[in-house]
Amino acid sequence: MTGPGLSRFGPEEEAEVLSVLRERELSRYRFDDHDGVAPLSKVARFEQEFRTLTGARHCLGMNSCTSALFAGLLAAGVGPGDEVIVPGYTFIAPIAAVVHTGAEPVLAEIDESLLLDPADVAVKITARTKAVIAVHMLGAPCDLDALGAVTREHGLLLVEDCAQAGGGTYHGRHLGTFGRFGAFSLNVFKTFTAGDGGVLLTGDDDLYETAFALHDHGAAPLRMGVTDGPPLFGLNLRMHELTGAVALAQVRKLPDILRTLRANRDKLADAIGDLPGVTRRPLHDPDGDCATVLAYTFASAATAGEVATRLGTITLNQSGKHHYANMPQLRPDLPDLPELPVPRASETPRTERAVLHRSYPPGSLPRTDDLLSRSIVLSVGVVDSYLGSGVGIDVNADDDAIEAAARLFKTTVEDATKAAL
């Protein structure tokens, strides 16, 4: 199971890592220098190149996407008493980040794109709503025009979780640059990887400075003194220099990786063609899609389940910690859950089971449940059975492999459809 970036590892990553080891500089900081030489570190070079690629004003390398979400939300002022709207189909990380700020996640439905439904977001807004997190699931951009209109109308923060969509765009502009900040993942299943790691992008000077302080013990950017604002008790969420070395080599490959993924997506989709009772998921910007998967929604859950079984994969409602119904953390009503300490911003942590006032048992988001139960994804570059993309092709697939994957899917759908008659 791999992602596109890991599949393209080569001498470039090795050379960057070896240079770190030979220089014996494992931190992004150069402590034996007195003139702020940090921009020469691998981490700082990665930040510079990713900032240039995306057109962002600020880029901050971190130890995970979850940390980027957490620090960004805190820096944006999200905290106790606030509500943050998130989709019911997402990895658990953005929900967890909201909880650890002391705010409450409020789940909203997805639509046929399998992404956050702007209409349901509007319905879920209350006087306590502070932000909306647009999660660009399965490599595709959310409807940022509609979500932007909703958040502007209500004076809310728009945040982008780009963990699964590194390098993706929306109408020619890079994801992560539309909201107050964007967060990215560098784990092994992503478009570009360093094993683990994360990135925060923002165009907001104050948010960048505060997020930097939160990620590095209250320090100002590049540790050039303390922050100008109120002193902060920051954490250590920094990116390691070896991580930065791999990420630097990978970000240089990202445009070519995405070109290959998009070309292979189109070949696979064309080879599959139209199938009765099956709809390919609509994309808000096909050109900006990272093309890591092809997603198909069936007319019935029974047919989708039969196809998934025959292929040796799963429907998306079964995908681990991506469907809210599989997250026991969202069930404060469940008996026998231990009480856990939940850190809160600006408060002494106190022992309680949840900041959640709502429970989200299966059936809480019927449209999301229905769509996920009828949907299957084929890998184009992210080969991950946990996500539901354990079958299909990888980024290095040739034309013969693409044709074979298309034939297998078509035949399986046809056979399952006949069996259901």
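Every value quoted in this text rests on a predicted model; they were computed, and no experiment measured them. What you see below is based on every heavy atom in this structure, not just the backbone, and it leaves out hydrogens, waters and symmetry mates. Position 1 is the first residue of the sequence; numbering continues from there.
- Rounding to the nearest 0.5 angstrom, the gap separating the CG atom in Leu237 from the CG atom in Asn63 is 5.0 Å.
- For Ala149, the side chain to side chain contact (heavy atoms under 4.5 Å, CB included) partners two or more places apart in sequence, or in a different chain, are Arg152.
- Checked against a 6.0 Å centroid threshold, the rings of Phe184 and Phe192 do not count as neighbours.
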Considering only distance and modelled atom types, tabulate donor-acceptor pairs under 3.5 Å from the side chains of residues 174-183, sequence neighbours left out.
from   : atom 1 : to     : atom 2 : distance (Å)
His174 : NE2    : Leu53  : O      : 3.3
Thr177 : OG1    : Arg173 : NE     : 3.2
Thr177 : OG1    : His174 : O      : 2.6

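- Evaluation of the ring pair (Phe, Tyr, Trp, His ring centres under 6.0 Å) test over residues 259-308, restricted to residues two or more places apart or in two chains, returns Tyr296-Phe409.
- Gln250 meets the side-chain hydrogen bond (donor to acceptor under 3.5 Å, both in side chains) test with Glu13; sequence neighbours excluded.
- For residues 301-324, the ring pair (Phe, Tyr, Trp, His ring centres under 6.0 Å) pairs, not counting sequence neighbours, are Phe91-His322, His322-Tyr386.
- Legend: residues meeting side chain to side chain contact (heavy atoms under 4.5 Å, CB included) with Asp120, ordered by chain and number and at least two apart, are Ala108, Glu109, Asp117, Val123, Lys124.
- Residue pairs meeting the ring pair (Phe, Tyr, Trp, His ring centres under 6.0 Å) criterion with at least one partner in residues 237-260, sequence neighbours excluded, are absent.
- Among residues two or more places apart in sequence or in another chain, the side chain to side chain contact (heavy atoms under 4.5 Å, CB included) test is passed with Ala247 by Phe46, Leu186, Ala194.
- For the atom pair OG (Ser364) and CG (Asp369), the distance works out to 7.5 Å, reported to the nearest 0.5 Å.
- Counting only residues at least two apart or on different chains, the salt bridge (charged side-chain N to carboxylate O under 4.0 Å, His left out) pairs with a member in residues 266-284 are Lys267-Asp399.
- Distance alone, capped at 3.5 Å, places no donor-acceptor pair between the Ser385 side chain and the Gly388 backbone.
- Screening residues 190-201 for side-chain hydrogen bond (donor to acceptor under 3.5 Å, both in side chains), with sequence neighbours left out, gives Asn187-Lys190.
- Annotation: side chain to side chain contact (heavy atoms under 4.5 Å, CB included) contacts of Asp398 (sequence neighbours excluded): Asp400, Ala401.
- A salt bridge is defined here as a Lys NZ or Arg NE, NH1 or NH2 lying under 4.0 Å from an Asp or Glu carboxylate O, and Glu49 with Arg252 meets this definition.
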*Apply salt bridge (charged side-chain N to carboxylate O under 4.0 Å, His left out) to Arg45 and Glu241, showing your working.*
CA-CA 10 Å; Arg45 289 177 182 175; Glu241 186 71 345; over 6 Å; no
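- For the salt bridge (charged side-chain N to carboxylate O under 4.0 Å, His left out) condition, the pairs that include at least one residue of residues 290-315, sequence neighbours left out, are Glu306-Arg310.
- A donor-acceptor contact under 3.5 angstrom links the side chains of Glu160 and His136, judged on distance only.
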